[in-house]
Amino acid sequence: MATRVSSSTYYQGSDGPVGLEFDLAREFADYLGVNLVMYAPENFTDVISDVTSEKAHMAAAGLSITGPREALLKFGPSYMETTPQLVYRYGQGRPKSLDDIKPNELTIVASSSHEEQLRSLKLHHPELEWQTVSETDSEELIYRVHKGDLKYTVADSTDVLLNRYFYPNIRPAFDLKAPEPIAWAFRRDEDDTLLNASFDFFAGYTADESLADLKERHFGHTNRFDFVGSRLFLRHTNSRLPRYQEDFETAAETYGVPWQLLASIGYQESHWNAKAVSPTGVRGIMMLTQGTARQMGVSNRTDPTQSIMGGARYFNRVKSKIPERIGEPDRTWLALAAYNVGFGHLEDARILTEMHNKDPDRWIDVREYLPLLSQKKWYSQLRRGYARGWEPVLYVDNIRSYYETLLWQTSSRNYGAQEAEKPDETEEDADEDEREESSDTVDT
C-alpha cells in the first residue's frame, strides 16, 4: 500500500507505525490473510502514480474522490469525509473569501485535490492565484503557516483538526466546498478482486462498529480544543518536561506504560509542577493523596521521582482492575477515568451504559453516560451514588490530547518538532511560568 505521512494517516511513532490509515490497512491485510507492506513515496504525486504503474497494489492515503482521480483510478467504499479549508495564522487577520487573497499569498501541494478545487473556483474568482510546491505535503505547509513563513494554504479538515494541537496558531478561515468522501484507490484494470474485497471488508468492519471505534481512537480527543491551553502545554514541553522526562521514562520501563502517557497524566494533574498543591491537599507532579502515597510507598509527595513512580504504580493498579477482555485503547481510557473518578464510580457508569443498551466495554459509550452520575434520577439507582461524572470525561479528553501531541513530537518524522515545542515565548511568558511553579496551590 502506498500512503502519505501525516498525523491523520500514517507516521512512524516511537513504538512503530501509527495512524488511522495504517490501522485500517493492517486490519484489511489480516482480513485477506496477507502481509502488509506500507510505504510513503517521497512526493505526494507519486502515491497515485505508484498505483497506476503497478508499483503498489493500492493507495491508502486519505485520498478524496474527485473526477480527475476517477479517470485514473477505481475507488473503494468511502469510510469518512473531509472538507478542504483555507488555513491562516491566528493574529494575521482572517480572510472572508478567496477575493481577499493577494497574488503569491496562497501555497498548496502540487497535483493535489486542492489544486483541482482552486482551478474550479477560479472560474468565479478570476483574480485568484496560487503557487504550488511538489517536494512537500500538506502538513509541512500547515507548519509553515503556523510559523508565519507562509500566508495561506489549503488543507483537509482532518489534518487541520489534528494539527491545531501541535501548531495552535493555525485556524481554518472558511471551507472551500462541501465535504468530500475519502476512500482507498485501486488500479483501473479488469481484475477487481482486491477492490471487491475492500467492499466486503468495510461492510463487516462498519457493521460491528469497528470503524467507529477506530475513528474515536484517532479523533475522539479532538472534540475540545483550548487555544490558550495548547500554547501553554507546548511551552511547558520545552521549559518543564526535560527536567522530568528521564523519571517518566524510568517509570514507563518499570511498569510497562508509555512514558508519553505518564507524562500526559502528570501534566493534567499538575502542569509538571513538582511543588503543586491543590485546595484538597493532594500534591506533587502526580497529585497524590496522602493515602495513595502511603499505599504506593511514597514518603515525599513533592519529590518528583517518588511522585512519578508512585503515580505510575497507582495507574497500573487501577488498570489491573479493568477486565482483561477489554482491548486497547479502551482499557487505557477506562483506566484513566477510574484514576480520576474512582473505580467504583466507573463501574456505576458502565452499569448505566449497559442499562441504556450500549457497550460498557467501549469508552465511546461509557463516555456518554458518565455525566449522568451527577443526576439524582440516575445516581440514586447506583451503589456509589453521586459523582461529578463530567470531570473524568474532560480528564480523559485532555490527557488524550497531550498524549497525541507528545507521540507526534517524539515520532521519527514530523515537521519542525523542536520548533513546535517552542512557540513564540515572551519575557512575560517566562515570568508567568516561574510564578506558577513557585505558587503554593493549583487548581486540578
Side-chain angles (χ1 to χ4, degrees), residues 6-8 11 13-14 18 87-92 138-150 153 155 159-172 218-219 221-249 258-274 276 285 304 394-437 442-444:
S6 79
S7 55
S8 63
Y11 66 93
S14 57
V18 291
V87 179
Y88 74 106
R89 175 185 166 90
Y90 177 72
Q92 292 191 346
S138 183
E139 286 205 347
E140 182 177 2
L141 298 186
I142 288 175
Y143 166 69
R144 291 171 65 185
V145 170
H146 160 78
K147 293 298 292 180
D149 298 335
L150 295 179
T153 191
D159 288 331
V160 176
L161 194 65
L162 288 173
N163 277 273
R164 63 185 180 173
Y165 287 95
F166 317 135
Y167 313 126
N169 287 327
I170 67 168
R171 291 286 191 282
H218 289 280
F219 297 103
H221 68 285
T222 63
N223 294 325
R224 297 172 63 251
F225 176 69
D226 176 2
F227 170 69
V228 175
S230 294
R231 282 186 59 86
L232 185 64
F233 174 71
L234 292 172
R235 177 157 62 83
H236 285 168
T237 60
N238 174 52
S239 64
R240 297 185 181 182
L241 180 58
R243 307 176 208 171
Y244 310 117
Q245 183 169 333
E246 186 175 348
D247 286 330
F248 284 121
E249 291 175 344
W259 76 262
Q260 297 95 332
L261 180 63
L262 293 177
S264 299
I265 296 172
Y267 188 79
Q268 173 63 24
E269 293 288 353
S270 69
H271 283 197
W272 298 322
N273 181 356
I285 283 186
L394 300 180
Y395 184 85
V396 175
D397 282 352
N398 287 342
I399 289 175
R400 289 180 64 179
S401 297
Y402 304 144
Y403 182 42
E404 289 295 327
T405 302
L406 289 177
L407 285 176
W408 180 239
Q409 288 181 336
T410 55
S411 67
S412 61
R413 191 260 200 189
N414 59 67
Y415 295 111
Q418 297 304 314
E419 290 88 342
E421 293 171 3
K422 301 176 182 178
D424 301 336
E425 184 171 353
T426 64
E427 290 185 10
E428 183 179 344
D429 291 332
D431 290 342
E432 179 186 346
D433 192 55
E434 186 174 344
R435 285 196 301 272
E436 183 179 341
E437 281 207 86
V442 298
D443 293 326
T444 61

State, to 0.1 Å, how close [X] and [Y] come at their nearest heavy-atom pair, and which atoms those are.
| X | Y | result |
| --- | --- | --- |
| L406 | A263 | CD1-CB, 3.9 Å |
| E269 | I285 | CB-O, 3.6 Å |
| V145 | R89 | O-CB, 3.5 Å |

Side chains of Y395 and I265, heavy atoms from C-beta outward: is any pair under 4.5 Å?
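Yes, their side chains come closer than 4.5 Å.
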Taking only residues two or more places apart in sequence or in another chain, which ones pass ring-ring contact (aromatic ring centres under 6.0 Å, His included) with Y267?
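ring-ring contact (aromatic ring centres under 6.0 Å, His included) list for Y267, sorted by chain: F233, H236, H271, W272, Y402.
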Rounded to the nearest 0.5 Å, how far does [atom2] of [Y] lie from [atom1] of [X]?
| X | Y | atom1 | atom2 | answer |
| --- | --- | --- | --- | --- |
| L234 | S239 | CG | OG | 11.0 Å |
| Q260 | L407 | CD | CG | 5.0 Å |
| S264 | E404 | OG | CD | 9.0 Å |
| I399 | L394 | CD1 | CG | 11.0 Å |
| I142 | N163 | CD1 | CG | 4.5 Å |

The side chain to side chain donor-acceptor pair (under 3.5 Å) partners of S8 (sequence neighbours excluded) come to S6, D159
E249: partners by side chain to side chain donor-acceptor pair (under 3.5 Å), with sequence neighbours left out
Q245
Side chain to side chain contact (heavy atoms under 4.5 Å, CB included), that's the test. Do K147 and N169 meet it? Break it down for me.
CA-CA 8 Å; K147 293 298 292 180; N169 287 327; over 6 Å; no
Would you say Q92 has more than 12 foreign heavy atoms packed within less than 6.0 Å of its CD?
yes
Evaluate W259 against D247 for side chain to side chain contact (heavy atoms under 4.5 Å, CB included), listing each step before the verdict.
CA-CA 9 Å; W259 76 262; D247 286 330; over 6 Å; no
As a quick check of understanding, evaluate side chain to side chain contact (heavy atoms under 4.5 Å, CB included) for Y143 and E139, giving each step before the final call.
CA-CA 6 Å; Y143 166 69; E139 286 205 347; over 6 Å; no
